[in-house]
Amino acid sequence: MKFVVTGATGHLGSQIVQQLAQRVAATDITLGVHTPAKAASFADQGMTVIPLDYGDQGSIVASLAAADVAIYVPSKSHDSFSRVTEFEHVIAAAEQAQVGHLIVMGFIADQATNPFDLSAFYGYVPRRLASSSLSYTILRNALYADPLVPYLPELIERKNVIYPMGDASLSFISLEESAAVFAEVAVRPELWTQPMYTLTQERSYTMPALAQVLQSVSGQPIGYAPVTLSGFEKMYDQGNEGHMLASMYAGGAQGLLATVTDDFKTIMGRPAQTLPDFLAQELAK
């Protein structure tokens, strides 16, 4: 079989490639990447690397040609219009290339009432796929746990978690475990009968509970003292991401980032790693 991964040099995409390479031969994997030089290490393993420009449908078709399974990881853009436009190009190219099965990254902040800047895109994904001619699976991720690791020193300095979440809770999954599910679904057609899975750990965390976990793994006092949404936006506006991040936590404060399922266990045969275990593992490296 031929497996194609787009966005293969990004945070999630690169880990999907690594997981897929544990399950199939490297020569069966094709990578569609914006900058092929960044995928040199994968090419050295025997994978095919093809330049991919999401704005050029011809290059997407070339990347997806003869794919039995294609995994689409969206590019990092901050507005739904850009992502929907990109996704339309991918859908049209996948249909033209007659892709056997398309696996698409989703996110739990896809509800119709969610104020998150990208909720329109994530809500569009299942509806658009349902109207396509494609066989598909959507893998909705919870929040990535990984950014908590480099963020921890700042929280220790502040002595508080500051997310503007009120009494609501957040659900997490690690990049590695998400990537493992993408690879597992790619190689197991019996999992394709369900159009959507949601990847989470076995519990969500209120902000006081999250603070307690972070305090436990760091050995430093960490409480919960939320800032305002506007204050959070101003504090983290590097790269013009402030409004997007604040809008995500605005949805979180409505309880829209608290989803918990057992889909990870259904696919992998075991529960997802707990947040305390993940953080302890990463901090020990």
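- In this structure, Arg83 is not positioned above the aromatic face of Phe87 in the sense of NZ or CZ being under 6.0 Å from the six-membered ring centre and within 45° of the axis.
- What you find for Ser77 and Ser82 is that their closest heavy atoms are OG-CB, 4.0 Å.
- Between Met248 and Phe107 there is a side-chain heavy-atom pair separated by less than 4.5 Å.
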Chi angles and distances behind the side chain to side chain contact (heavy atoms under 4.5 Å, CB included) call for Val4, Val69
CA-CA 6 Å; Val4 176; Val69 180; over 6 Å; no

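- Gln19 contributes no side-chain N or O that, together with a main-chain N or O of Phe182, makes up a donor-acceptor pair within less than 3.5 Å.
- Remark: the backbone N or O of Pro115 is not paired with any side-chain donor or acceptor of Ser119 at under 3.5 angstrom.
- Put simply, the side chain of Ser132 reaches to within 4.5 Å of the side chain of Arg128, judged on heavy atoms.
- Checking side-chain atoms of Gln194 against main-chain N and O of Met196 turns up a donor-acceptor pair under 3.5 Å.
- Thr261 places a side-chain N or O within 3.5 Å of a backbone atom of Thr198 that can act as its donor or acceptor partner.
- Annotation for Leu191 and Glu184: closest pair CD1-O, 4.2 Å, computed over non-hydrogen atoms.
- Here the closest non-hydrogen pair linking Val17 and Ala8 is CG2-CB, 3.8 Å.
- For Asp44 and Ser41, the side-chain atoms include no donor-acceptor pair closer than 3.5 Å.
- Considering OG of Ser218 and CD1 of Ile156, their distance stands at 4.0 Å, rounded to 0.5 Å.
- Rounding to the nearest 0.5 Å gives a distance of 5.0 Å between CG of Leu52 and OG of Ser59.
- A donor-acceptor pair is defined here as one N or O able to donate and one able to accept, closer than 3.5 Å; no such pair exists between the side chain of Tyr224 and the backbone of Leu210.
- The two residues Phe116 and Ala109 have their closest heavy-atom pair at CD2-CB, 3.6 Å.
- By the criterion of side-chain heavy atoms lying less than 4.5 angstrom apart, applied directly or through intervening Ile, Leu, Val, Met, Phe, Trp or Tyr residues, Val61 is not grouped with Val90; the two fall into different hydrophobic clusters.
- Glu157 CD: 12 or fewer foreign heavy atoms inside a 6.0 Å radius.
- Among all heavy-atom pairs drawn from Thr193 and Pro195, the shortest one is O-CD, 3.8 Å.
- Side-chain atoms of Thr266 come within 3.5 Å of backbone atoms of Asp262 as a donor-acceptor pair (strictly under, hydrogens ignored).
- The closest side-chain heavy-atom distance from Ile138 to Tyr197 is not below 4.5 Å.
- A donor-acceptor pair under 3.5 Å is absent between the side-chain atoms of Thr259 and the main chain of Ile108, judged by distance alone.
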Check the pair Tyr72 / Tyr54 against ring pair (Phe, Tyr, Trp, His ring centres under 6.0 Å), numbers first and verdict last.
CA-CA 11 Å; Tyr72 166 58; Tyr54 281 130; 5.7 Å; yes

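- Using modelled atom types, one finds no donor on one side chain facing an acceptor on the other under 3.5 Å when comparing Asp53 with His34.
- Looking only at side-chain heavy atoms (C-beta outward), Phe3 and Ile71 stay at 4.5 Å or farther from each other.
- Counting heavy atoms of neighbouring residues, nucleotides and ligands inside a 6.0 Å radius, atom CG of Asp167 does not exceed 12 of them.
- Cluster membership check: Met165 does not share its hydrophobic cluster with Leu256, using side-chain heavy-atom separations under 4.5 Å among Ile, Leu, Val, Met, Phe, Trp and Tyr.
- A salt bridge is absent between Glu202 and Lys265: the closest approach of a Lys/Arg side-chain nitrogen to an acidic carboxylate oxygen does not fall below 4.0 angstrom.
- Placement of Ile60 and Tyr124 within a single hydrophobic cluster is found when ILVMFWY residues are connected by side-chain heavy-atom separations under 4.5 Å, directly or transitively.
- Surrounding CD of Glu88 are more than 12 heavy atoms belonging to other residues, nucleotides or ligands, all under 6.0 Å away.
- Taking CG of Leu64 as the start and CD of Glu95 as the end, the distance is 11.5 Å to the nearest 0.5 Å.
- At least one side-chain heavy atom of Asn141 sits less than 4.5 Å from a side-chain heavy atom of Leu12.
- Panel note: side chain Asp110, backbone Gly123; no donor-acceptor pair is recorded below 3.5 Å.
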Test side chain to side chain contact (heavy atoms under 4.5 Å, CB included) applied to Asp146 and Val149, step by step:
CA-CA 6 Å; Asp146 304 62; Val149 178; 5.8 Å; no

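- Under the 30°/60° scheme for interplanar angles, the aromatic rings of Phe232 and Tyr249 are found to stand perpendicular.
- Hydrophobic cluster membership is shared by Met1 and Leu134, with clusters built from Ile, Leu, Val, Met, Phe, Trp and Tyr side chains linked at under 4.5 angstrom.
- At distances below 3.5 Å, at least one donor-acceptor pair connects side-chain atoms of Ser80 with backbone N or O atoms of Phe121.
- The line from OG1 of Thr9 to CG of Leu31 is 9.0 Å long, rounded to the nearest 0.5 Å.
- Looking only at distances, a side-chain donor or acceptor of Gln215 sits under 3.5 Å from a matching main-chain atom of Ile222.
- Note on Val125: it clusters hydrophobically with Trp192, by side-chain heavy-atom contacts below 4.5 Å among ILVMFWY residues.
- Between Leu275 and Tyr205 the shortest side-chain heavy-atom distance falls below 4.5 Å.
- Between Leu139 and Val104, the closest side-chain pair of non-hydrogen atoms is not below 4.5 Å.
- Between Gln281 and Asp277 there is no side-chain heavy-atom pair separated by less than 4.5 Å.
- Of the N and O atoms on the side chains of Ser169 and Ser204, at least one donor lies less than 3.5 Å from an acceptor on the other residue.
- Here Thr200 contributes atom OG1 and Leu257 contributes atom CG; the two are 12.5 Å apart, rounded to the nearest 0.5 Å.
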Side chain to side chain contact (heavy atoms under 4.5 Å, CB included) assessment of Gln201 paired with Gln273:
CA-CA 7 Å; Gln201 297 169 349; Gln273 186 179 33; 5.6 Å; no

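- Using the six-membered ring where Trp is involved, Tyr151 and Tyr236 have ring planes that are perpendicular, over 60° apart on the 30 and 60° scheme.
- Rounded to the nearest 0.5 angstrom, Ser216 OG and Gln212 CD are separated by 6.5 Å.
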Does Glu233 form a side chain to side chain contact (heavy atoms under 4.5 Å, CB included) with Glu241? I'd like the steps, not just the answer.
CA-CA 8 Å; Glu233 178 178 346; Glu241 292 186 340; over 6 Å; no

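- Contact detail for Met105 and Pro74: the closest heavy-atom pair is CE-CD, 3.7 Å.
- Ionic pairing of Asp28 and Lys2 is not present here: no N-O contact between side-chain nitrogen and carboxylate oxygen is shorter than 4.0 angstrom.
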